[in-house]
Amino acid sequence: MTTRLPCLYSLRRPRLLIEAARLGVAEYSRDAALRRHLGYLPQPDCEATLGALLEIEDELNQMRKDGNAGYSPARHVDVVIAIMGEARLLRASAQADQEKASGIEAFFSATKASSASAIPGSSAGC
């Protein structure tokens, strides 16, 4: 598991904020959201992007708690949607890497066993 995902599970936010973000995450557009919140499109590194979004969300949450007049619930929901979208991409990437690694291990395991027995007197696989 990546380093940013565990901190997401510990976040506590108002239920309405999270429910609104869950409704919006299905329509998440990475390019548009990151341009809107970060002002640029970072490299495809979801973990670094997630870190930047978490910093923005933390500032928005503090504004919410303080009753700051500049607080925008719509922007807060939009940032949480982006966080959820990036977390999904990060989980999917980690899962694909894990599946790829397990496939490679199975391939080498199978080829090592068959190559040693296929050639009599061979030291392959030893």
Side-chain angles (χ1 to χ4, degrees):
M1 183 172 284
T2 62
T3 57
R4 297 268 182 211
L5 289 180
C7 73
L8 290 178
Y9 298 125
S10 65
L11 286 179
R12 298 290 174 244
R13 299 298 183 258
R15 182 177 297 188
L16 184 60
L17 175 71
I18 298 303
E19 289 300 320
R22 282 186 183 141
L23 291 173
V25 77
E27 301 297 320
Y28 176 63
S29 170
R30 188 171 201 255
D31 292 348
L34 297 184
R35 276 197 186 106
R36 192 167 48 251
H37 298 301
L38 302 177
Y40 61 92
L41 281 177
Q43 298 299 320
D45 180 14
C46 295
E47 192 164 352
T49 303
L50 190 56
L53 290 169
L54 284 169
E55 289 178 18
I56 293 168
E57 193 280 332
D58 189 49
E59 291 173 16
L60 288 168
N61 195 53
Q62 195 58 50
M63 290 173 71
R64 177 186 66 82
K65 286 180 174 180
D66 294 344
N68 189 315
Y71 171 71
S72 168
R75 181 160 189 252
H76 200 168
V77 169
D78 200 35
V79 170
V80 175
I81 289 170
I83 289 170
M84 288 179 174
E86 290 299 309
R88 282 184 177 184
L89 292 172
L90 196 56
R91 278 192 304 264
S93 174
Q95 184 177 4
D97 289 346
Q98 185 179 18
E99 289 172 1
K100 186 186 298 183
S102 66
I104 290 171
E105 290 170 9
F107 170 76
F108 283 126
S109 173
T111 55
K112 182 177 177 182
S114 65
S115 64
S117 62
I119 304 171
S122 170
S123 62
C126 294

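Bear in mind that the values here come from a model prediction, so they are computed numbers and not experimental data.
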Side-chain donor-acceptor pairs of residues 14-25 under 3.5 Å, sequence neighbours excluded:
from  : atom 1 : to    : atom 2 : distance (Å)
Glu19 : OE2    : Arg22 : NH1    : 2.9

Hey, what do you get for CG (Leu34) to CG (Leu53), rounding to the nearest 0.5 Å?
6.0 Å

Quick check for you: to the nearest 0.5 Å, what is the distance between Thr49 atom OG1 and Leu38 atom CG?
6.5 Å

Quick check: do Asn61 and Leu11 have side-chain heavy atoms less than 4.5 Å from each other?
no

Pairs touching residues 48-60 that satisfy salt bridge (Lys or Arg N to Asp or Glu O under 4.0 Å), sequence neighbours left out:
Arg13-Glu57

Residue pairs meeting salt bridge (Lys or Arg N to Asp or Glu O under 4.0 Å), one or both in residues 70-87, sequence neighbours left out, come to Arg30-Glu86, Arg36-Asp78

Arg64 meets the salt bridge (charged side-chain N to carboxylate O under 4.0 Å, His left out) criterion, sequence neighbours left out, with none

Salt bridge (charged side-chain N to carboxylate O under 4.0 Å, His left out) against Arg35, all qualifying residues, sequence neighbours excluded:
none

What residue pairs, at least two apart or across chains, pass ring-ring contact (aromatic ring centres under 6.0 Å, His included) with a residue in residues 75-96?
Tyr71-His76

Under the side chain to side chain donor-acceptor pair (under 3.5 Å) test, residues paired with Asp66 that sit two or more places apart:
Gln62

Which atom names give the shortest non-hydrogen contact between Ala33 and Tyr28, and what distance separates them?
CB-CE1, 3.5 Å

Write down the atom of His37, the atom of Ala82, and the distance for their closest heavy-atom approach.
CD2-CB, 4.3 Å

